[in-house]
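Read the structure below first, then the notes.
Letters A, B, ... mirror the listed sequences (proteins, then strands); counts begin at 1.
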There are 2 protein chains.
Amino acid sequence: MIPITPIRLTVDCVVFGLDDTDLKVLLIRRGIEPFLGSWALPGGFVLPAESVEDAARRELEEEAGVREVFLEQLFTFGEVERDPRGRVVTVAYYALVNLHDHPLTAATDADDVGWFALEDLPALAFDHDEILRVAAERLRGKVRYQPIGFELLPEKFTLSQLQGLYEKVLDRTLDKRNFRRKVLAMGILIDLDEIQQDVAHRAARLYRFDENLYRQRTERGFNFEL
Amino acid sequence: MIPITPIRLTVDCVVFGLDDTDLKVLLIRRGIEPFLGSWALPGGFVLPAESVEDAARRELEEEAGVREVFLEQLFTFGEVERDPRGRVVTVAYYALVNLHDHPLTAATDADDVGWFALEDLPALAFDHDEILRVAAERLRGKVRYQPIGFELLPEKFTLSQLQGLYEKVLDRTLDKRNFRRKVLAMGILIDLDEIQQDVAHRAARLYRFDENLYRQRTERGFNFEL
DNA sequence: CAAGCATAGTGTGCTTTTGACACTTTGTCG
DNA sequence: CGACAAAGTGTCAAAAGCACACTATGCTTG
């Protein structure tokens with residue numbers, strides 16, 4: 001006897017993006033009830049023929065025009081009363097994107113899309129503030145022992161940009177020399193022997209993240225803690 | 001327009017237990033189709049009126065007689081083809097219990113219950129081998145930077161027992177003196193000024209885990225890495 | 001074209017943490 | 001009372017972490 005439960009399943013995505021000053025999160029303005037007109041995380045119902053992760057990617061593209069991103073499962077929120085539409089369980093994902101690579105386009109159930117600094121958020125629909133809080137916590141935890149975050153930067157970046165990213169995620173300042181020593185010791189960055197163009201002051205060297213080196217180090221149980 | 005999807009939601013629990021020699025996992029023998037007669041993780045459908053975590057606790061008690069345990073969400077498995085009954089998404093949890101405190105009783109949809117060493121598992125129903133693999137990996141990862149695992153021991157325990165636990169979870173030997181130095185430096189153990197009874201050789205001091213001390217340390221950003 | 005300025009880039013010394021290592025103590029059992 | 005099984009204990013050397021300040025470079029502006 002299999003009970004046919006009226007539980008419905010959704011996905012929600014917390015997309016983190018970085019601009020020059022802030023760590024931001026992508027929100028959409030809802031074009032449908034409930035919470036019509038409220039800001040919310042992009043997301044929606046999982047279709048029977050797609051995996052839950054595929055649903056997250058689909059909704060992200062449909063509602064915000066964002067595609068091909070680093071996406072990781074965050075947590076499943078399964079409280080009974082979390083959605084006024086009835087019993088809805090949501091699987092939350094979080095994503096990291098380079099903000100400038102991903103121009104936003106509102107569509108489907110979204111009337112508008114935008115980036116919001118974490119410290120300056122509007123009121124959110126459903127329990128999305130809670131989901132976002134968990135996501136930010138996870139991001140901070142994760143960045144400490146895994147070199148994620150390269151997805152937030154352009155392909156070629158300077159060590160100062162990378163340090164800025166870590167400082168924004170961890171919300172504290174880091175010592176420049178110690179940071180450089182450590183991050184270079186990880187052995188997963190390639191010095192491109194190029195320098196920044198069009199900057200108003202001394203140009204910095206450019207580096208890129210090397211996925212192969214990262215995999216090699218990872219297999220050997222290397223520790224990426226900062 | 002809300003699509004009423006035929007997706008159904010289950011929970012599955014990976015319960016780790018420790019006996020004197022091995023790290024074990026709790027399995028039930030299924031009393032219903034599909035996979036009737038196969039060994040599987042305890043679990044079942046989420047009811048509309050309970051939270052997902054409550055469902056996990058309920059199933060654990062119903063099927064195996066295990067209650068009041070440390071339970072943490074592991075991962076949600078949402079592939080389309082993972083269940084022969086149709087579209088079933090499962091939220092997996094993992095639990096840590098002191099094996100001797102939890103006598104097992106098979107009931108409801110389970111014909112039998114038992115503890116199995118991680119290295120000596122029967123074939124499992126559904127994708128439960130995959131779920132178990134993810135759980136073991138998470139446990140290893142977690143134990144390294146959080147002092148979980150006390151749930152696996154009796155309330156009063158010796159440092160050797162604790163070390164044995166870590167060695168079984170991490171699957172490597174640790175140096176006795178270094179281990180003691182580190183674990184005592186964490187400042188979350190209380191020396192009970194008691195010694196073991198009824199042991200065939202020199203009796204060891206007993207300690208207990210102090211939750212208040214743990215919380216204090218946690219709030220100050222203390223690092224529990226071993 | 002010189003001075004200013006904004007950011008890049010670089011090394012050292014001290015402190016703390018880690019990790020390897022072996023013997024003595026205690027209590028039980030036969 | 002001797003053998004045994006596990007408990008308990010300290011040192012030293014290497015590595016890692018952390019605090020700390022100046023010089024280099026290249027553009028801007030007066």
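Listed pair B/Ser160 / D/dA7 meets the phosphate criterion, a side-chain N or O lying under 4.0 Å from OP1 or OP2.
Rounded to whole angstrom, the span from the CZ atom of B/Phe179 across to the P atom of D/dT9 amounts to 15 Å. Atom CG of A/Asp175 is separated from atom P of D/dG17 by 13 Å (rounded to the nearest Å). Between B/Arg202 atom CZ and D/dA7 atom C1' the separation is 4 Å, expressed in whole Å. Between B/Gln163 atom CD and D/dA6 atom P the separation is 13 Å, expressed in whole Å. As a whole-Å value, the separation of B/Asn178 CG from D/dA14 P is 16 Å. What separates CZ of B/Arg180 from P of D/dT9 is a distance of 7 Å, to the nearest Å. Atom pair B/Leu162:CG and D/dG8:C1' shows a separation of 16 Å (rounding to whole Å applied). Distance CZ (A/Arg205) to P (D/dA24): 17 Å, rounded to an integer number of Å.
Residues A/Lys182 and A/Ile195 both approach DNA chain D. Their nearest nucleotides, taken by heavy-atom distance, put A/Lys182 toward the 5′ side. Remark on DNA chain D: of its neighbouring residues B/Ala203 and A/Lys176, the 5'-side contact belongs to B/Ala203, judged by nearest-heavy-atom nucleotide. Annotation: of the two residues near DNA chain C, A/Leu159 and B/Arg177, the 5′-most nearest-nucleotide partner is A/Leu159.
Within the model, atoms CD1 of A/Ile131 and CZ of A/Arg82 stand 5.0 Å from one another, a figure rounded to the nearest 0.5 Å. The distance from atom CG of B/Leu18 to atom CD of B/Glu151, rounded to the nearest 0.5 Å, is 12.0 Å.
If you walk DNA chain C from 5' to 3' and mark each nucleotide with an atom closer than 4.0 Å to a heavy atom of chain A, the marks span C/dA6 to C/dT12.
In this structure, A/Phe224 has its ring center closer than 6.0 angstrom to the ring center of A/Tyr214. Taking the centre of each ring, A/Phe157 and A/Phe209 stay at or above the 6.0 Å mark. Centroid-to-centroid, the aromatic rings of B/Tyr166 and B/Phe179 come within less than 6.0 Å.
Heavy-atom minimum distance, A/Lys176 versus A/Gln163: CA-OE1, 3.6 Å.
For B/Phe75, the side-chain contact (heavy atoms from CB on, under 4.5 Å) partners at least two apart in sequence or on another chain are A/Gln73, B/Phe77.
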